[in-house]
There are 2 protein chains.
Amino acid sequence: MPQTSRTNSKKERRQENEALILSAAEKVFAEAGFGGATMQLIADVAGLPKANLHYYFPTKESLYRQVVQNIFQIWLQAADTFDQAEGPAEGIGAYIDAKMEISRRHPAGSKVWASEVMHRAPVIQDYLETTLMEWTDGRAAIVQRWIEEGRMAPVNPHHLLYMLWATTQHYADFGHQIETLNGGAPLSDAQWEEAKKSVKDIILRGIGVIK
Amino acid sequence: MPQTSRTNSKKERRQENEALILSAAEKVFAEAGFGGATMQLIADVAGLPKANLHYYFPTKESLYRQVVQNIFQIWLQAADTFDQAEGPAEGIGAYIDAKMEISRRHPAGSKVWASEVMHRAPVIQDYLETTLMEWTDGRAAIVQRWIEEGRMAPVNPHHLLYMLWATTQHYADFGHQIETLNGGAPLSDAQWEEAKKSVKDIILRGIGVIK
DNA sequence: GTCTATAACTTGATAGAC
DNA sequence: GTCTATCAAGTTATAGAC
């Protein structure tokens, strides 16, 4: 069945090229912003002719939208650690670890998200209003329950979540500033561990689950 | 002396127009990013013909640079609260208050700075390496002294500073996200107070200066 | 100092050969 | 499916009248 075989081959080729383009686009959008990024530069980074980008993604905005959606999915998965925990020390501690790891492994994605939100979320406002809102309210309810059970200090759950996002994503979004203040060198393995430990220590002590 | 008088008048006019342009530019750069902002839009917001912008600021980049420098100065002034304090509870508490107030009053400036740093600080890298580095090391030394005097928990001073920046600036940079999660309404006066209190409670308890 | 008109350039997107 | 050549639109910046 040559046709089926060729179809599969085409699908694979398509997936490979799409992944290649998405990876290049994430990098370029992160470094230049949506307005500053050019399809030509994304094509160069991906190693493809510019016209091919338009073959896979009809417009610059459709490509950008896919990049933002991918990041959002990665963050949602980090929430699993939150849900499966038996208590605040384990749940929030693991969530910080997971978010810090994402900041280290996907700094470009975090920056694209930050840029999108800073510009009033022109492309993903619907996600903020639906998926993110539900996620946030759900996790705030878990925190509230822990508080009522006397397992952590009575803090405002929403502001705690904002602090978790702000602190962990700062290591991706402001990574260049941190790197500069670190003498121009990226954080080493040991320094990343120190960062994780510092964030967890202050926050977990701040919500009264460690002494 | 008509010439002197006219010169003063010109100076005043110049200062007024420059301030007008800078204010409009801050807003537009914050909402669209450097690449997405256009001189035409800045001119429209300022209520001036586009050519006048080029009369006061020769290039788009020179205008942008001035906007970023202004923000940096505002933040440096917030450091005074840090220095004049007698101990960590007062110093860090007042610093959080000051930074939160700036996030509320100058959200556009904070966003421009965030965007600049995220894009690897192409315009103000020299400030990061000199002024900001010196400021950071100086404040880290103060924190270190407080720790050695047993007045606060032994946390990494740099990571504490990063947390202070991240948490306070989050309310400006991600203000749109917070507003959306708040049901689409900006934080009220009471909610801003709640935010300040939440941040201070968790961090001050986290560094062991309140119970 | 101000403003209109335009030059010089870059960009996103597409047509059409292969 | 791929790629070269090119268009149409929009941008920064400036020339030159007032």
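In what follows, every chain begins at residue 1, and chains take the letters A, B, ... in the order their sequences are listed. As the structure is a computational prediction, the values presented were derived from the model and not from experiment. We use all heavy atoms of the structure for the numbers below, so side chains are in, but hydrogens, waters and symmetry mates are not.
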What does the list of N/O pairs under 3.5 Å between the protein and nucleotides 16-18 of chain C look like, with a distance for each?
none

Open item on the list: Strictly by salt bridge (charged side-chain N to carboxylate O under 4.0 Å, His left out), give each pair with a member in residues 92-107 of chain A just once, sequence neighbours left out.
Closed with: A:D97-A:K200, A:E101-A:R105, A:E101-A:K196, A:R104-A:D189
TODO: Sorted by first residue and then second, give each salt bridge (charged side-chain N to carboxylate O under 4.0 Å, His left out) pair with at least one member in residues 46-65 of chain A; sequence neighbours left out.
DONE: A:R65-A:D126
Task: A:Q125 side chain to B:H176 side chain, donor-acceptor N/O pair below 3.5 angstrom - done: yes
Open item on the list: Checking B:S198 against A:N156: is there a side-chain donor and acceptor pair closer than 3.5 Å?
Closed with: no
- [ ] Evaluate the salt bridge (Lys or Arg N to Asp or Glu O under 4.0 Å) criterion for residues A:K197 and A:E193: first the C-alpha distance (whole Å), next the side-chain angles of each, then the deciding distance (0.1 Å), finally the verdict.
- [x] CA-CA 6 Å; A:K197 184 181 178 304; A:E193 287 308 311; over 6 Å; no
Task: Below 4.0 Å: OP1/OP2 of C:dG1 and any side-chain N or O of B:N17 - done: no
Open item on the list: Tell me which pairs pass side chain to side chain donor-acceptor pair (under 3.5 Å) where either residue lies in residues 72-83 of chain A, with sequence neighbours left out.
Closed with: A:D83-A:R139
Whole-Å distance between [N] [atom2] and [X] [atom1]?
| X | N | atom1 | atom2 | result |
| --- | --- | --- | --- | --- |
| A:I21 | D:dG1 | CD1 | P | 12 Å |
| B:K60 | D:dG10 | NZ | C1' | 12 Å |
| B:Y55 | C:dT4 | OH | C1' | 18 Å |

Task: A:E116 vs A:P122 side-chain heavy atoms within contact, under 4.5 Å - done: yes
Open item on the list: For DNA chain D, which residues of residues 28-54 of chain A approach it to below 4.0 angstrom with any heavy atom?
Closed with: A:P49, A:A51, A:N52
Open item on the list: Need one value for A:Y56: base, sugar-phosphate or nothing, where a base atom within 4.0 Å counts as base even if backbone is also close, heavy atoms only.
Closed with: sugar-phosphate
TODO: Mind checking side-chain contact (heavy atoms from CB on, under 4.5 Å) for A:H54 and listing every partner two or more places apart, or none if nothing turns up?
DONE: A:M39
